[in-house]
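Notes to accompany the following structure.
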Amino acid sequence: MVEPVSLDARTARLLPWLVAVAFFMQALDATILNTALPAMARDLAEDPLRMQSVIIAYMLTVALLIPASGWIADRFGTRRVFFGAVLLFSLGSLFCALSTSLPQLVVARVVQGFGGALMMPVGRLVVLRAYPRTELVRIMAFITLPGLLGPLIGPTLGGWLVEYASWHWIFLINLPVGLLGALAAWRFMPDLRGSGPVRLDLLGFLLFGASMVLITIALEGLGELQLPHVRVLLLLLGGLACLAAYWLHAVQVEQPLFAPSLFRTRTFAAGILGNLFSRLGSGALPFLTPLLLQVALGYSPAKAGMTMIPLALSAMIAKPLAKPLLDRLGYRRLLLGNTLLLGAMIASLALIDEATPYPLLLLHLGLLGAVNSMQFTAMNTVTLLDLDDHQASSGNGLLSVVMQLSMSLGVAVAAALLGGFGKPDATSVLTAFHATYLCVGAVTLLAAAIFFQLPPDSGRVVRRLEPDIDE
């Protein structure tokens, strides 16, 4: 339960703009960095193929804080939390621009991730609580549109800033927007909070978070950190042990962080596990492809960024086609075929080399973006399709966490594979990329076995609106 809220006309008009700008900042930051990694590596005297920790630190921080965002908002009020989130995001951006070493940059990205983790869910929560149900579809469509534009302009803007200014500006551009956003948040954000007792499954939160951190560091140990295999194995076993401990804890408490009973719903179980494994490939793409173009093929940052435009543009164009296809084919048939196609298209990037015609490369990335968009929409919807109203909130929260985690794990896996296939001589760099794409594509293909477990008639008629979740 929350205290009732009544918005004045000006606040009701400006609040969606405030949340939309916050969504745009977060979505832009998630993609603008990928094209700048080689230039950042040169400036920081690092190997460009070992810069993945800059991306993983942010994604992992966001994933770990999402489960606690609702509790934090109810405990301290949405105005304070959203205001603090924008300030933290901006402060983290400043620290990133001032960083002179990779460890400093990773710490600054964690600070930035704290802000980003709270901006998204708290902004969505305020909209859900402050507007009548009859207006939700229109308002949610408005505030999520900038989130779709971020991946479209992020790689190109990052490439141009790196080539004609410096990589520091990809973070500095957040400062004026963040300052205005913080002032607007304090002025127009309603202060909503829970009216009853506010509880958080703290032990579950710590166990779940520890498992994800340990597993991610284990994968990082195979890549950038280059840890001995014994330490990697111990970290991996420790992460799995924490995950098992969380599961045993969750079945015994009344209000766990994520209820294990959710997995009794077949579509939810298949959707969550399918999201986890098929998004490993999707999460690796924005990290691998700009590196391939610049490090292996010699593209300039600006050209590499512009080359990524078809990937995001076709994703936006294909999005409206998902519902008609789902109505016609059902979830099982669509996800089976689309997952196999997605895995094959990722693996086929291993055919890209210096002799590949540029228009063919753009066409390939455009088709891949459309298939990827179809995959996201179908997976997100089928995961929540059969949950009742009581389960929907917890299920949506777990889906959001899995989406972020799978993308960070995708980057970690891709970086570990690159490091494993790479050799000291420069001529092997392209070969390492090709082998990595083949492996990532194969993992995506295997996710089709998970979607094969869906009921044959699941989703023949779409019964819910597509969830408003950032892809």
- Can a donor-acceptor pair be found between the side chains of Y331 and T383 at a distance below 3.5 Å? no
- Task: Assess whether side chain to side chain contact (heavy atoms under 4.5 Å, CB included) is satisfied between T156 and T35, documenting all intermediate values.
- Result: CA-CA 8 Å; T156 305; T35 316; over 6 Å; no
- Message: Using only atom types and a distance under 3.5 Å, with no angle test, would you say the side chain of Q453 pairs donor to acceptor with the backbone of A449?
- Response: yes
- Measuring from L157:CG to L28:CG, what's the distance to the nearest 0.5 Å? 6.0 Å
- Message: Can you confirm whether D43 sits close enough to H168 that some side-chain heavy atom of one is under 4.5 Å from a side-chain heavy atom of the other?
- Response: yes
- Message: Quick check: closest heavy atoms across M25 and N174, and the distance to 0.1 Å?
- Response: CE-O, 4.2 Å
- Side chain T339, main chain A448, donor-acceptor under 3.5 Å: no
- Pairwise distance OG1(T436) to CG(L349) - rounded to 0.5 angstrom: 11.5 Å
- Message: Show, in sequence, the C-alpha distance, side-chain angles and deciding distance for F451 and M379, and conclude whether the side chain to side chain contact (heavy atoms under 4.5 Å, CB included) test is met.
- Response: CA-CA 9 Å; F451 295 120; M379 289 191 306; 3.6 Å; yes
- Item | Considering all heavy atoms, the nearest A57-V106 contact | CB-CG1, 3.7 Å
- Looking just at side-chain N and O atoms, do D201 and H249 make a donor-acceptor pair shorter than 3.5 Å? yes
- Side-chain H-bond candidate by donor/acceptor type, Y58 with Q404, under 3.5 Å: no
- Query: Once you round to the nearest 0.5 Å, how far does CG of L292 lie from CG of L361?
  - Reply: 8.0 Å
- Query: Any side-chain heavy atom of T289 within less than 4.5 Å of one from Y437?
  - Reply: yes
- Spacing of Q52 atom CD and L418 atom CG [to the nearest 0.5 Å]: 8.5 Å
- Query: Angle class for the Y299/Y358 ring planes (parallel below 30°, perpendicular above 60°, tilted otherwise)?
  - Reply: tilted
- Taking the side chain as C-beta and beyond, is there a heavy-atom pair between S53 and L102 under 4.5 Å? yes
- Message: Would F433 and F421 count as a ring pair (Phe, Tyr, Trp, His ring centres under 6.0 Å) here? Give the steps.
- Response: CA-CA 8 Å; F433 275 101; F421 290 124; over 10 Å; no
- Message: Would you say that L335 contacts V382 through its side chain, given a criterion of any heavy-atom pair below 4.5 Å between the two side chains?
- Response: yes
- Answer yes if the side chains of Q375 and S282 hold a donor-acceptor pair under 3.5 Å, and no otherwise. no
- Message: For C242 versus S211, what's the shortest heavy-atom pair and its separation?
- Response: CB-CB, 3.7 Å
- Message: Is it the case that the ring center of F95 lies less than 6.0 angstrom away from the ring center of F171?
- Response: no
Run the side-chain donor-acceptor check on residues 109-123: report pairs under 3.5 Å with partners two or more places apart or on a different chain.
unit_1 : atom_1 : unit_2 : atom_2 : d
R109   : NE     : V54    : O      : 2.9
R109   : NH1    : D29    : OD2    : 2.8
R109   : NH1    : Q112   : OE1    : 2.8
Q112   : NE2    : D29    : OD1    : 3.1
Q112   : NE2    : S93    : OG     : 2.8

- Item | Interatomic distance, L44 atom CG to L105 atom CG [nearest 0.5 angstrom] | 6.5 Å
- Query: Can the ring centroids of W247 and F263 be said to lie less than 6.0 angstrom from one another?
  - Reply: yes
- Task: Determine the minimum heavy-atom distance between M212 and L405, stating which atoms define it.
- Result: SD-CD1, 3.1 Å
- Item | Any side-chain heavy-atom pair of V413 and L417 under 4.5 Å | yes
- Message: Could you tell me if the side chain of W167 sits less than 4.5 Å from the side chain of L33, heavy atoms only?
- Response: no
- Side-chain contact test, heavy atoms from C-beta onward, threshold under 4.5 Å: evaluate it for L200 versus R75 and give yes or no. no
- Taking side chain as C-beta onward, heavy atoms only, is I272 less than 4.5 Å from L398? yes
- Distance-minimising heavy-atom pair for P48 and P38: CB-CA, 4.0 Å
- Nearest atoms (heavy-atom pairs only) where V232 meets A218: CG1-O, 3.4 Å
